[in-house]
2 protein chains.
Amino acid sequence: MSVDSDDCLHKSRQMPRLTRQQRTVLEVLQQLAQPISAQSLYKTLRQDHRSIGLATVYRSLEVLKLQGLVQSRINRQGESLYSLVQQDQHYLTCLKCGQSTPLDSCPVKHLERQLQQSASFTIYYHSLEFFGLCQPCALLD
Amino acid sequence: MSVDSDDCLHKSRQMPRLTRQQRTVLEVLQQLAQPISAQSLYKTLRQDHRSIGLATVYRSLEVLKLQGLVQSRINRQGESLYSLVQQDQHYLTCLKCGQSTPLDSCPVKHLERQLQQSASFTIYYHSLEFFGLCQPCALLD
DNA sequence: TATTGACTGATAATGATTATCATTATATCT
DNA sequence: AGATATAATGATAATCATTATCAGTCAATA
Ligand SMILES: [Mn+2]
Ligand SMILES: [Mn+2]
Ligand SMILES: [Zn+2]
Ligand SMILES: [Zn+2]
């Protein structure tokens, strides 16, 4: 009889329960539909009067990634954007103007499952992005 | 009758011929089998006594990307690595130890051609990478 | 050859991320 | 519970790849 039902969600080993700050960071990501940078997340929390240290924001995101809960991609300006792993979004990005258009579905879901089995590697998420020129930029030549 | 055979390689418009520095950067990438950072490329050229300014290295790489000749990906430390677009390499990367294992072939070549036609977007290259835990790191739990 | 605009390189500025370290919270004992 | 060891936090400083600046140089064209 489980007294603490939350335990069911975790592996048998001494998987450390998430700290208050780590849960806060996770909640922000859950409420957001879009990837967000660590800096923005930090500022968002300050405005909400739920401030946590900037270093802790970075550390929490790292922990959550290692748990397989959070993923990151790096935008044009070299800034990391974080989101839940279940957000599985991919983009066409223009090298000239930087505009990103999302694809309407993930083309490699199946491939990931396939790889998962062949390789001795636990896959948490993937990144896939196409780069080139959008129509307007291509016309300028 | 073409007097200058090199012209055949370029589009009709006034595609500016590459400058000496831009050609130097391109040559380094051609001789290398591995992606290289702008900083390393800069140092390599210094040792070769073919020095060009660091800013020019960055600018040249940008020009070459816009020409569809060069691609970049961002490594674990947030540093951009550059290579020729024809190098079509993808990795499994461990979130804990950072070790990257290359895949032995590109799983999305066909997909790229398919997208190219449907979308009004000129695709130069793509990035695809899988993240998770390698066996040793997964065992440590 | 003079004019014009693009390219270069030295250097300074930027800004996201990481390192440091004293403090605080949490877990593990007796 | 109280004592002790261990991990997490937050303020701040340090790092370092990249970008901005700007004066000087090169290259094309008339
Ligand atoms: Mn996907
Ligand atoms: Mn590929
Ligand atoms: Zn564009
Ligand atoms: Zn590993």
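A note on names: the letters A, B, ... follow the listed sequences, proteins ahead of strands, and every chain is numbered from 1. Since this is a predicted model, take the numbers as computed values, not measurements.
Comparing A:Leu54 and A:Arg59 along DNA chain C, the residue whose closest nucleotide (by nearest heavy atom) sits nearer the 5' end is A:Leu54.
Heavy atoms of other residues, nucleotides or ligands lying less than 6.0 angstrom from CD of A:Gln99 number 12 at most. Within 6.0 Å of the CZ atom in A:Arg76, the count of heavy atoms belonging to other residues, nucleotides or ligands exceeds 12.
Rounding to whole angstrom units, CG of residue A:Leu18 and C1' of C:dA27 are separated by 16 Å. Rounding to whole angstrom units, CD of residue A:Glu79 and P of C:dG15 are separated by 11 Å. Atoms CZ (B:Arg23) and P (D:dA27) sit 10 Å apart, rounded to a whole Å. Atom CZ in A:Arg50 sits about 15 Å away from atom P in D:dT9, given to the nearest Å. B:Ile74 places its CD1 atom 18 Å from the P atom of D:dC16, with the value rounded to the nearest Å. Straight-line distance from the CG atom of B:Asn75 to the C1' atom of D:dT18: 14 Å, rounded to whole Å. At whole-Å resolution of the value, CG in A:Leu64 and P in D:dA8 are 13 Å apart. Protein atom OH of A:Tyr42 is 10 Å distant from nucleotide atom P of D:dG10, rounded to whole Å.
One finds a side-chain N or O of B:Gln21 lying less than 4.0 angstrom from the OP1 or OP2 phosphate oxygen of C:dG9. In this structure, B:Ser80 does not reach the D:dA17 phosphate: none of its side-chain N or O atoms is under 4.0 Å from OP1 or OP2. Neither OP1 nor OP2 of C:dT18 sits under 4.0 Å from any side-chain N or O of B:Gln77.
A:Gln87 approaches A:Pro35 most closely through the heavy-atom pair NE2-CD, 3.9 Å.
Side-chain proximity of A:Gln39 to D:dA11, D:dT9, C:dA16: nearest is C:dA16. For B:Tyr58, taking side-chain heavy atoms from C-beta onward, the closest of the listed nucleotides D:dT18, D:dT12, C:dA16 is D:dT18. Minimum atom distance to the side chain of A:Thr19 is reached by D:dT9, of the listed C:dT17, C:dA10, D:dT9. Side chain of A:Ala55, nearest nucleotide from C:dG9, D:dT18, D:dG10: D:dG10. The side chain of B:Ile52 sits closest to C:dG9 out of C:dT8, C:dG9, D:dT18.
Side chain to side chain, A:His90 and A:His126 meet the donor-acceptor criterion of an N or O pair below 3.5 Å. Using modelled atom types, one finds no donor on one side chain facing an acceptor on the other under 3.5 Å when comparing A:Ser80 with A:Ser72.
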